Trainee: 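One structure follows; several queries about it will come next.
Quick caveat, the model's predicted, so the values are computed rather than measured. Residue numbers start from 1 in every chain, and the chains themselves are labelled A, B, ... in the order their sequence lines are given, proteins ahead of strands.
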Amino acid sequence: MRLSRYFLPTLKETPAEAQIVSHRLMLRAGLIRQHAAGIYTWLPLGFAVMKRIEQIVREEQNRAGAQEVLMPTIQSADLWRESGRYEAYGKEMLRIKDRHERDLLYGPTNEEVITDVFRSCIRSYKDLPLNLYHIQWKFRDEVRPRFGVMRGREFLMKDAYSFDLDTAAARHSYNQMFVAYLRTFARLGLKAIPLRADTGPIGGDMSHEFIVLAETGESEVHCHRALLEKPIPEGVDYDTDLQPIVDDWTGLYAAADEMHDTAKESELGDALVTARGIEVGHIFHFGTKYSAPMGATVTGPDGEAVTVAMGSYGIGVSRLVGAIIEASHDDTGIIWPESVAPYHVGLLNLKTGDAATDAACASLYETLGPDRVLYDDREERAGAKFADMDLIGLPWQVIVGPKGVAKGVVELKNRATGAREEVSTESALARLAE
RNA sequence: CGGGGCGUAGCUCAGCCUGGUAGAGCGCUAGCUUUGGGAGCUAGAAGCCGGAGGUUCGAAUCCUCUCGCCCCGACCA
């Protein structure tokens with residue numbers, strides 16, 4: 001993409017409304033623009049990152065055996081009356097009426113809708129297990145939206161719902177998602193740790209929050225150091241028993257600030273790490289909480305009706321854009337992990353209009369490919385181009401100036417390390433092809 | 001939902017206390033000079049001062065109401 005034609009409204013100054021670093025950088029780097037409190041428009045660069053995140057989430061969900069669907073944003077209140085949540089949910093739920101005065105709502109979550117789909121389609125235990133997910137916009141009318149996209153009212157979320165014959169089978173579904181989450185966050189370039197979460201009235205040990213570590217994170221976490229170095233499971237066969245992997249990850253001490261245990265922590269000694277983090281995922285087994293009141297049953301092997309056991313598994317996709325920035329930035333801007341970067345390379349023409357420099361850039365742009373390169377061909381001064389490119393945080397920069405071109409070299413800069421080296425055009429191309 | 005703060009040009013802000021009809025920097029437009037880390041000069045365009053009501057000869061400025069946004073706290077992917 002040529003920057004001269006790209007809609008990328010960067011800001012030199014920080015808008016007054018943004019307090020935390022990811023919010024500031026998202027506005028300054030032209031990723032989003034605020035529409036109303038907690039509601040944002042995604043501009044091309046921000047949207048590109050979000051789509052890359054979404055795709056990684058999708059691939060790992062599919063790999064774990066979940067199937068993608070798309071449920072509506074606007075839901076009928078009647079379903080929520082069945083589950084009893086229409087009254088219970090409170091003011092966070094945005095309630096609306098259509099022209100016939102029918103009660104509708106903008107979905108804050110989708111348990112009712114998916115349970116309704118399930119009960120109308122599935123009759124036999126032979127159709128289990130089933131795990132359906134979608135990536136869809138949600139709306140929760142937070143009293144106080146803040147931190148930009150990290151705590152918006154409208155947000156993009158992946159939510160999966162599993163259906164099983166009994167709790168033992170549900171545990172396997174749960175474990176599949178647990179492992180998929182470990183892999184997903186690792187692929188996004190994040191260090192994420194699972195924390196045992198409060199299961200409320202249901203009890204049991206089947207609820208975990210996934211916290212991404214970032215120095216500027218809003219919550220404090222305490223955990224065993226070994227958790228941070230644990231290798232991510234590779235080549236997992238999701239049909240085998242995953243309990244050993246889950247046990248391995250949950251056997252080490254890890255707790256959120258409000259649940260931490262100072263006695264256990266003092267036993268850890270040097271192995272204790274206190275860090276800050278951002279919640280980006282939550283997995284939860286809730287048994288028959290919705291299937292029972294809504295009549296989601298299957299015929300079991302013995303011919304009896306069985307109320308299915310369910311779980312739900314969320315990932316905050318739009319929040320992850322902010323979370324990744326919180327975890328990966330410096331004073332000059334964003335540093336995108338390669339896996340989510342909107343472009344792989346930024347090509348800087350330091351002297352647009354200079355025939356030799358233009359020609360060198362055109363050739364590089366053509367060879368590297370417009371889909372992988374953001375080419376700054378604007379008639380701006382070099383300084384402005386450096387500043388913008390650092391701000392938007394593409395992993396690599398190829399800097400082409402008239403002096404270098406005369407010598408047959410360009411400069412290759414790694415955004416994360418800041419390391420720059422003069423290399424021949426050919427070797428720059430070779431390096432970036434990796 | 002309790003407490004606090006702020007709405008003046010696209011952005012950051014001054015002016016408000018002590019009423020007299022609007023300013024700066026950046027950005028934008030044009031020209032010239034510049035050209036490897038957000039250039040310089042010149043000339044421009046750009047705001048019914050969030051909205052409504054009131055006080056006053058006169059309101060960005062004082063009063064009342066209202067809308068919006070931000071921050072702290074309680075709650076959440």
Side-chain angles (χ1 to χ4, degrees), chain A residues 9-20 23-24 27-28 30 33-39 53 57 89-93 107-110 135-160 181 184-185 192 197-198 200 207-212 218-219 256 258 277-284 312-323 331-333 348-354 357 376 378-391 397 399-406 409-411 413 418 420 422:
Chain A
T10 59
L11 263 26
K12 199 189 311 196
E13 285 173 289
T14 303
E17 74 250 28
Q19 298 298 316
I20 65 160
H23 191 194
R24 286 202 291 258
L27 290 168
R28 286 195 54 214
R33 202 101 311 179
Q34 180 163 325
H35 171 81
I39 303 178
I53 294 171
V57 170
Y89 213 91
K91 289 189 166 183
E92 281 200 349
M93 182 151 79
T109 177
N110 289 67
I135 299 172
Q136 177 65 293
W137 292 94
K138 308 282 186 293
F139 193 92
R140 291 182 192 168
D141 197 1
E142 298 277 347
V143 193
R144 189 187 159 206
R146 60 183 132 170
F147 306 144
V149 124
M150 302 267 284
R151 175 123 177 239
R153 293 144 91 199
E154 188 183 54
F155 55 97
L156 188 65
M157 180 174 166
K158 184 286 298 182
D159 42 324
Y181 275 36
T184 301
F185 297 125
D198 188 8
S207 179
H208 287 87
E209 292 174 0
F210 285 77
I211 305 286
V212 152
E218 54 175 322
S219 45
E258 62 275 12
I278 300 158
E279 185 184 353
V280 290
H282 198 148
I283 61 177
F284 196 61
S312 74
Y313 315 90
I315 290 181
V317 175
S318 50
R319 171 181 281 190
L320 272 165
V321 180
D331 290 344
T332 57
L348 315 222
N349 184 338
L350 295 190
K351 194 164 184 180
T352 305
D354 177 89
T357 316
D376 192 346
R378 297 173 304 168
E379 304 214 3
E380 288 288 340
R381 298 169 60 79
K385 295 190 177 188
F386 287 129
D388 269 342
M389 203 53 85
D390 284 348
L391 176 63
Q397 295 174 16
I399 301 162
V400 181
K403 293 173 201 159
V405 168
V409 298
V410 297
E411 198 166 7
K413 173 176 164 181
R420 333 158 44 128
E422 283 202 338

Trainee: Over how many whole Å does the gap from A/F147 atom CZ to B/C72 atom C1' extend?
Mentor: 10 Å
Trainee: Specify the separation, in whole Å, of atom NZ of A/K12 and atom P of B/G10.
Mentor: 18 Å
Trainee: Check every strand shown and say whether A/A382 touches a base, only sugar-phosphate, or nothing at a heavy-atom separation below 4.0 Å.
Mentor: sugar-phosphate
Trainee: Would you classify A/T332 as touching base, sugar-phosphate or nothing, given that sugar-phosphate means primed atoms plus P, OP1 and OP2, and contacts are heavy atoms under 4.0 Å?
Mentor: nothing
Trainee: If you only use heavy atoms from C-beta on, which nucleotide in B/C1, B/G37, B/C70 is closest to the side chain of A/R420?
Mentor: B/G37
Trainee: Would you indicate which nucleotide in B/C11, B/G36, B/G38 comes nearest to any side-chain atom of A/P15?
Mentor: B/C11
Trainee: Report yes if the ring of A/F386 lies under 5.5 Å from the six-membered base ring of B/G36 with planes under 30°, and no otherwise.
Mentor: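 A stacking contact does not exist, since A/F386 is not both close and nearly parallel to the base ring of B/G36.
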Trainee: Have a look at A/R28 and say if it touches a base, only the backbone sugar-phosphate, or nothing, with a 4.0 Å heavy-atom cut-off.
Mentor: base
Trainee: Mind checking if A/V143 touches a base, just sugar-phosphate, or nothing, with heavy atoms under 4.0 Å?
Mentor: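 Answer is base: heavy atoms of A/V143 come under 4.0 Å of a base.
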Trainee: Counting side-chain heavy atoms from CB outward, which of B/G38, B/G36, B/U12 is closest to A/E13?
Mentor: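 Closest nucleotide among those given: B/U12.
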Trainee: Just to verify, what does A/R151 make a salt bridge (Lys or Arg N to Asp or Glu O under 4.0 Å) with, not counting sequence neighbours?
Mentor: A/E142
Trainee: Whole Å only: how far is the CG atom of A/L11 from the C1' atom of B/C26?
Mentor: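 The answer, rounded to whole Å, is 11 Å.
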Trainee: Give a yes/no answer on whether the side chain of A/Q34 brings an N or O atom under 4.0 Å of OP1 or OP2 in B/C70.
Mentor: yes
Trainee: Roughly how many Å is it from CZ in A/R144 to P in B/C71, rounded to a whole number?
Mentor: 5 Å
